[in-house]
Structure formats: C-alpha cells, structure tokens
Amino acid sequence: MNQISQTKMEYEWKPDEQGLQQILQLLKESQSPDTTIQRTVQQKLEQLNQYPDFNNYLIFVLTKLKSEDEPTRSLSGLILKNNVKAHFQNFPNGVTDFIKSECLNNIGDASPLIRATVGILITTIASKGELQNWPDLLPKLCSLLDSEDYNTCEGAFGALQKICEDSAEILDSDVLDRPLNIMIPKFLQFFKHSSPKIRSHAVACVNQFIISRTQALMLHIDSFIENLFALAGDEEPEVRKNVCRALVMLLEVRMDRLLPHMHNIVEYMLQRTQDQDENVALEACEFWLTLAEQPICKDVLVRHLPKLIPVLVNGMKYSDIDIILLKGDVEEDETIPDSEQDIRPRFHRSRTVAQQHDEDGIEEEDDDDDEIDDDDTISDWNLRKCSAAALDVLANVYRDELLPHILPLLKELLFHHEWVVKESGILVLGAIAEGCMQGMIPYLPELIPHLIQCLSDKKALVRSITCWTLSRYAHWVVSQPPDTYLKPLMTELLKRILDSNKRVQEAACSAFATLEEEACTELVPYLAYILDTLVFAFSKYQHKNLLILYDAIGTLADSVGHHLNKPEYIQMLMPPLIQKWNMLKDEDKDLFPLLECLSSVATALQSGFLPYCEPVYQRCVNLVQKTLAQAMLNNAQPDQYEAPDKDFMIVALDLLSGLAEGLGGNIEQLVARSNILTLMYQCMQDKMPEVRQSSFALLGDLTKACFQHVKPCIADFMPILGTNLNPEFISVCNNATWAIGEISIQMGIEMQPYIPMVLHQLVEIINRPNTPKTLLENTAITIGRLGYVCPQEVAPMLQQFIRPWCTSLRNIRDNEEKDSAFRGICTMISVNPSGVIQDFIFFCDAVASWINPKDDLRDMFCKILHGFKNQVGDENWRRFSDQFPPPLKERLAAFYGV
C-alpha cells in the first residue's frame, strides 16, 4: 500500500492518481454483497488509516470527484465519518482544516445524497468537541441559509438540523456564547419559506429545544406557537408531522401557553389523527397519550370524547400493510423455524426476598406484563398501538364515563362479519379492561363466552388478540364459580397453546401465564390436563415460543406450589425439561429462561426434585465458577479476554437459591462436596449490583437449609453484608438485610460481635423517608431478630426505631419471620421499657395486627400491655386508650383484656 504519496501536508493538496484509483477500487468492492470481500475491504481500510492523507482522498472523492456515481461518493464520506468518530484526535492539522473547508464549500452540492452526507460529516466533527474549535461553523451555516440558491440553503439547514439534534446541550451553554439567541429567531423566519423541505427543517430545528425548556426558545414562545398554527394546514406531510410533534412536546412543557387555544388544538389534532399520511397520524395520536397524563385532561377532553373515541377505535384496525408484514394470511406456520433476529433479548429479574401481605399477596410492583404488545414482530410503534395505548390511558382517566361512547361502537365491531373489524373490536375490549372494569362487569357474562368462541376463529390474528383480551379479564373470570368461565376458558386456551400458528401459540402461552397468576390453586384440579398440554407443546414449538413456554411452566409452579409434587406430575414434567437442559451448552442464552423455570419448579416440588438435583446443582456451580474465572482474566488483561456475560452467574445463583429453598436440609451433602461458599464470597464483592443481590439471597437460603456449612464463613461474610446496607441499591440492600436476619436466628448469642457492623445502618434505613415497603418490612424483621438474640446490644436504641418498626410490620401476615421479630421487640421492651413509652400506641396497634399468635407470644403481649396499664394507673390508661380507633380498642379488650 505504499503507492499513496506521503507528501508534506500542503493546503493545496492534490491526490496521487494511482492512490486515487486504488481507493475507488476499494469503494466499489465494499458495495459487494459478498461478506468475504467485505471483510478484506475492512482490513485494507484499517491499514490505510495509517497514512495521514488517506482522509484527504476520502473527502476529495466525496466533494470533488463529480465524475463518480453518487453512491460511491457518499460511501467515501461515510467511511470518513467513521474515521472521524474513531481517530479524529490523531488527524494532522492540515487534514482537519482541509476537510472542514471542503465540507463548508460543498454543503450546497446539487445532489441531495451528497448534501446529506456532507451534513452528517459536519455534525460528526462538531460533536467531537469541535464546535468550540470551529468557531466559524455556525455563523457560516446561518449565513448560507440566506443564499438565493435552493441547494445551498437546504444543505445548510440539513446540517444545522443534525447539529441541533446531536449537540443541543452545548448549543445552550455558555461555552459557545449562546448562539441560540441568534439561531432560534432566524429559524422562526423560515417557517414561512416557499419550499416545504426548508419549512420542515426549520420546525425540526426548533423542536430540538422544547423539552429542555431552552431559554432562547422560551423568550420567543408566543411567536413560535403563532408560527406553528400558521403551518397547521401545510400540504407537506413532513411539515405537518413536525407541527404535531411540537404541539405534543409543548403540552408537557408549556401547557400554560396552549390552554387559551386548547379547543382549536384538540380539533386540529382530531383531524391530524386521521391524516392520510400514517406518520403524521402517529405523531398526532401521541397527543392523546401525553394529554391523558396531564391533570387537566379530564376537563379539557370531555366535550370532545364523542368525536375522539371513534377516531381512536378506528385507528386500532390493522392497516393493509400491517397484515402483509404480519403474514396475516399465513394461518399455519408452526413448522417454519424462527429467524434468530426475531427473538428479543430477555432480561432476568434477580431474586428479591419479600414478605406476604394480607391483600391476597398481590404485589403492586409487578404489573408490567400486560402492556399492549400483541404483535411484536413489527414491534415498531405504529398507529394501531398508539391508538390502543391512548384508549387504555383515557379509560384510566374517565373510568366508566367512557363506556357510553364505547359500548355502541363495540356492539357493532365485536359481531362484524369482516375479520379485520372484529379483531379491532376485541383489541378495544382489551384496551379498556383496566380502566372500565367496574362498568364492564354487567356485560361480561355475555362477552366472555363470545370471546371464548372467538378463540377458535378461522383467522390466526383474531385468535391471538382474543388470547390477550381474555387475559386482561382473567381476574374477573377467576372470581366467578370455576365451572362457569374458568373451566371453558382454560380448556380453549390450552387448545390455542397447541395452535398451528406461532403467533397464536405465543399469545396463548402469555395469556395462560397471566391466568395462572390470577387463579393460583384454583388450577389444582386440572393439573394433569394442563401439564399434558404444556409438555406436548415442548415437542411442537420453535425456538422463540419455547422461551415463553418455560415462563408458563415456571408460573404454573409458582401458582400451585407443593400441589405439583405428585409422582405422576413429576414424571410428565421433568423428563422434557431435563432433556432441554442436557441439550443446551453453557454459553447458550436459552439457559436463562430454563434456569428460571427450573428454579420455580424446584421450589414447588421440594423433595420431589431430589432425583434431579445433583446434575442441576453441579452445573450451576460450574456456571458461577466459569463466569468468575472469565471476569478475572478480563480484569487482568482486558485486551486479551472479553468480559463475561454475568447473567449466566446471576441466573445460576438464583437457581441454587431455588434448590436450597425447595430441598431444605437435603441440599447439605451437595454443599459439603462443592466450593460454593468460596464462590459466593467472591460474588458478594462483585461490582455488579445484581450479582451481589442474588448472592445474598442464596446466602439467606443456605443459612436456612444447612447453616453448619455457612457458619465457618460468618466472620468473613458479616463485614461485607454491613457495607451492602446501602439503600441506593434497593434490592441488594433488601437481600443483605434479610440474610442478616436469617443468620442471627441461627447464630443466637454468638451474633453479639457483629451487631455493631449492621445495627446503625438498619436503624437509619427504617427511618428514611420514601423507603420501599419491602425493604422497610425486611429491615424491621431483621432488627427484631437481632434484638431477639442479643437484646442487651439492641434494646438501648429502641426509642430510635420503635415507631417505624411498628408501622411497617402491622400489614404483614402472621408467619415465622413476623413471629421471631415480635419476640425480639417484646424481649427488648422488657430490657428497656422506657424506650417504648412515647410510642406505645403504635406498639398496641402492631400487636392488634396479629390474627392468632402462638400462646407464649400472646402471653408476652399480655404481660407488656398489662404492665403498662398497671404502671400508669386506670385513670391514665382510660385517657390513653380513648385515643384508639374503635376497632383497635375492641380487639385489645377482646384478646388481651385491657
């Protein structure tokens, strides 16, 4: 490659003919579809980067070599852009200056492709910190806007739009002497330009500065809004799209300025949501989503609902293009393997230890599974999804007041003879499920059977949306007598799990998982039938749906628990799972969902999992060991060894937790024969919070299952637990707290030397405002347990935590953890009675939250209550207990005679 002349950099740079030919040859080859050729080209380009004037050739081809075809010239510019990204700081000064001047001289090239490429090159140089080192760039581009030549004006505007997108922050800072004060008024002048392309650039440039409330724009906000209104009816779709986008953002940022015109804006957005151009319609549809989040939504929109609802409902139909993209006419595709790029990456949720509550154990943090996402191969946001999401949010704003506008439409849609219309009606019914549930109840006895019938519609897209909509009403279905709806729904859903269409299989599996969560043990009578179907699906499913099937099986195990532990069920379920387990390599990401599934199954089967536990345990330990080893290599020599995917380790730790929880003392032998405690010691100190979170969960589970193996390590583990009591990492902190509580129960009085390492942090956490409920509860239980085993050490601090302690534990169910915590608090009160005096009413309230405490615990409560009453005397006690709410007074009198 030495033909390229290594001449001294002159500003009047001329290419060497031979070198030029060579580079053109490369550019031509790089457009070849053959990947081997492309690889060679990549290598050659890397070599050429060693020549200082290689980039001069690239800019020369882009801007000067008009004899070449445009795609080749543009490609030359894009390769130069990549070089700027990677090596700009190493460009010699002469080269940099040459590139900059060439860019500015050719921003007005006659070809739109070349202009756009030059614009991309300019913004890339600018975003490499060169806005400061290229002081004439912005003034020059702004002055080119006034050029008589259309190409120059459009090219300059295109470049400015890209700079505004990429460098919005620095444009609005003192670093550059606030150029926006000049630029924004300048852009506003171009809203009325005769060329639609220029008008569109002008609006797009200003739009970059709305969300950040840039001051230069806020000064001109009225003129901006006025100019937007003037463009409302623009014939160019791109301009209408940018106008809609601006109004949506202004809704969040400057509602005050839009309010006077709200009626007209809503009318305008109604028109635009029905725009012939789908991109415009989609931008406009975002308006309803954004407005619904504003407090004023209810009053502003109420008079427009009769017009708006039909527009949204209409937008929920599949377009002809959607149907082609979704292969809506292909009914049977179950034998066609999935293409790998269809499979979205999954995220593993690490274990978090939480308490069970009286409210049916429904956790509020976990409701993200029923998003409107029914056709995720075109998971691009489209008008159908946006309309459905808007209807969902509006249903939550207006609740049942929405129904008079929807029900008449639904009647028409749900029984329509055209499948596309019927399908959209079923989507509407699902979208309003959350917001309008109360008002829908009277119609459900008629609608649910109709939907169950639609599950066997001849169109696959109707069957799949019906699965989703039924899952949105699962809660109601389960609340009725099982034979009425649950049994028929389950029977039909299980058939759909074995549908011949992959999209239906997927929707049915997801819907069934939701039904399992709602129905829990209601499913026990049908277990054989359910397992039969799920196991058959194993042999039938392609790659992507297998991953969802694992989830359905895991959820089933979570929902029915130990009822799964019957020899005949185990015989059905375990062989196919273990077969998959044996097929997968250690590097295969499909292990994640399978390990999660096995974790749920092991916890449910308990001793029933024993025959399978050894190989599973071994492999998990190996996965952890491999990942740690790879991480150490990567730390030592990052350029030689790549970083491991730590998810493998996290999921393996979580499955080990599942095994420990399910097998209890039976895991002892496995732990004895492995180095898991050494590995855990490393995991607990990992930089990645999720790794620490899972290792603390495992520590707690092993402490419960086989403390004899954990005990020798406690002196090493406790300081690490202490440093992880940092509520910035909520889940890590939560699991560390829980583990400390479990350890203290096992250690007893030997816990004494470790109390100073943890107590202050725990007291601080329980007194922090806005601490999540789960963390508060676990903190309270652990403080109680520490006080139970070492009352002398903990009781002196009683006054600092008794009040939040009582309020956080009054809502959790009676269980072992609550029992040990309350024994602790009673023991501490007997050591330090004055610590509770000021907050005694809270203690009374917490005691009253017990449904049936064990006899000896009830005696402890009695003793403290009566002791307090005797100490203050009857008169004071009466005055004190008069502050109690009546139910509290009655319970204490009935249970404890005070």
Side-chain angles (χ1 to χ4, degrees), residues 353-364 704 734 737-738 741-742 744-745 762 766 771-791 794-795 797-799 801-833 835-872 877-878 880-898:
V353 187
Q355 296 303 316
Q356 294 205 303
H357 295 88
D358 298 331
E359 319 91 89
D360 318 328
I362 295 171
E363 278 292 310
E364 64 275 17
K704 288 171 81 168
N734 181 66
T737 303
W738 174 73
E742 291 298 340
S744 60
I745 290 293
L762 293 169
I766 204 167
T771 306
K773 203 166 70 189
T774 307
L775 178 55
L776 279 179
E777 290 161 1
N778 277 321
T779 305
I781 285 172
T782 293
I783 291 176
R785 290 178 149 189
L786 291 169
Y788 180 52
V789 296
C790 299
V794 186
M797 297 190 70
L798 198 52
Q799 202 180 336
F801 61 74
I802 184 72
R803 188 168 176 165
W805 191 96
C806 292
T807 46
S808 58
L809 288 189
R810 63 188 299 268
N811 293 323
I812 69 167
R813 287 192 202 163
D814 295 6
N815 64 15
E816 282 303 312
E817 304 196 340
K818 184 170 176 176
D819 180 273
S820 57
F822 271 84
R823 285 171 195 275
I825 212 80
C826 292
T827 315
M828 288 189 276
I829 290 174
S830 61
V831 170
N832 176 17
V836 73
I837 301 283
Q838 290 173 323
D839 299 303
F840 199 70
I841 187 166
F842 291 94
F843 176 72
C844 297
D845 175 59
V847 165
S849 75
W850 278 88
I851 311 297
N852 41 16
K854 293 185 184 153
D855 290 344
D856 58 338
L857 181 60
R858 179 188 303 239
D859 293 344
M860 294 170 104
F861 291 158
C862 249
K863 207 163 132 195
I864 291 174
L865 292 170
H866 283 283
F868 186 81
K869 184 178 170 180
N870 297 338
Q871 200 179 351
V872 297
W877 174 261
R878 205 179 58 247
F880 175 65
S881 60
D882 281 347
Q883 310 165 32
F884 293 179
L888 174 58
K889 211 170 176 171
E890 286 155 27
R891 286 198 71 144
L892 290 176
F895 278 80
Y896 303 101
V898 290

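All values derive from a computational prediction rather than experimental measurement.
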*So, the side chain of D814 versus the backbone of I851: is there a donor-acceptor pair under 3.5 Å, distance only?*
yes

### Query
Using a distance-only test with no angle check, is there a side-chain donor-acceptor pair under 3.5 angstrom linking S744 and R785?
no

What one should report as the nearest heavy-atom pair of G784 and W805 is N-NE1, 3.8 Å

Is it true that W850 and F895 have ring centroids separated by less than 6.0 Å?
no

Shortest non-hydrogen pair, A795 vs N832, comes out as O-ND2, 2.9 Å

Taking every heavy atom of R858 against every heavy atom of N852, the minimum-distance pair comes out as NH2-CA, 4.5 Å

> Got V847 and Y896 here, is their nearest side-chain heavy-atom distance under 4.5 Å?
Replying inline: yes

Which of T807, D839, I837, I766 passes side chain to side chain contact (heavy atoms under 4.5 Å, CB included) with I802? Answer is D839

Check this for me: Y788, atom OH, are more than 12 non-hydrogen atoms of other residues, nucleotides or ligands nearer than 6.0 Å? no

Heavy atoms of I745 and S820 approach each other most closely as CD1-CB, 3.9 Å

Separation between CD1 (I825) and CD1 (I781), nearest 0.5 Å, reads 11.5 Å

Here the gap from C844 atom SG to F861 atom CZ, rounded to the nearest 0.5 Å, amounts to 11.0 Å

If we ignore angles and hydrogens, is there a donor and acceptor under 3.5 Å between the side chains of K863 and S830? no

Problem set entry | Donor-acceptor pair, side chain of K818 and main chain of I812, under 3.5 angstrom | yes

Minimal heavy-atom distance between L809 and A780, with the atoms involved, is CG-CB, 3.6 Å

Rounding to 0.5 Å, atoms CE (M860) and CZ (R823) come to a distance of 6.5 Å

Test side chain to side chain contact (heavy atoms under 4.5 Å, CB included) on S881 and V898 and set out the steps. CA-CA 9 Å; S881 60; V898 290; over 6 Å; no

Answer yes or no: are there more than 12 heavy-atom neighbours, outside D855 itself, under 6.0 Å from its atom CG?
no

* Asked: Under 3.5 Å, side chain of S849 to main-chain N/O of D845, donor-acceptor pair present?
  -> no

Worksheet item: Taking atom CZ of R803 as the centre, does the number of heavy atoms from other residues, nucleotides or ligands within less than 6.0 Å exceed 12?
Response: no

Any side-chain heavy atom of F868 sitting closer than 4.5 Å to one from V836? no

When rounded to the nearest 0.5 Å, the distance separating OG1 of T779 from CZ of F801 is 12.0 Å

Practice prompt. On the 0 to 90° scale, with breaks at 30° and 60°, tag the W877-F884 ring pair as parallel, tilted or perpendicular.
Written response: perpendicular

| Minimum side-chain heavy-atom gap D882-K889 below 4.5 Å | yes

### Message
Between N778 (side chain only) and T737 (backbone N and O only), is there a donor and an acceptor less than 3.5 Å apart?
### Response
no

Rounded to the nearest 0.5 Å, the CZ atom of F840 sits from the CG atom of L865 at a distance of 5.0 Å

Here the gap from F880 atom CZ to K869 atom NZ, rounded to the nearest 0.5 Å, amounts to 12.5 Å

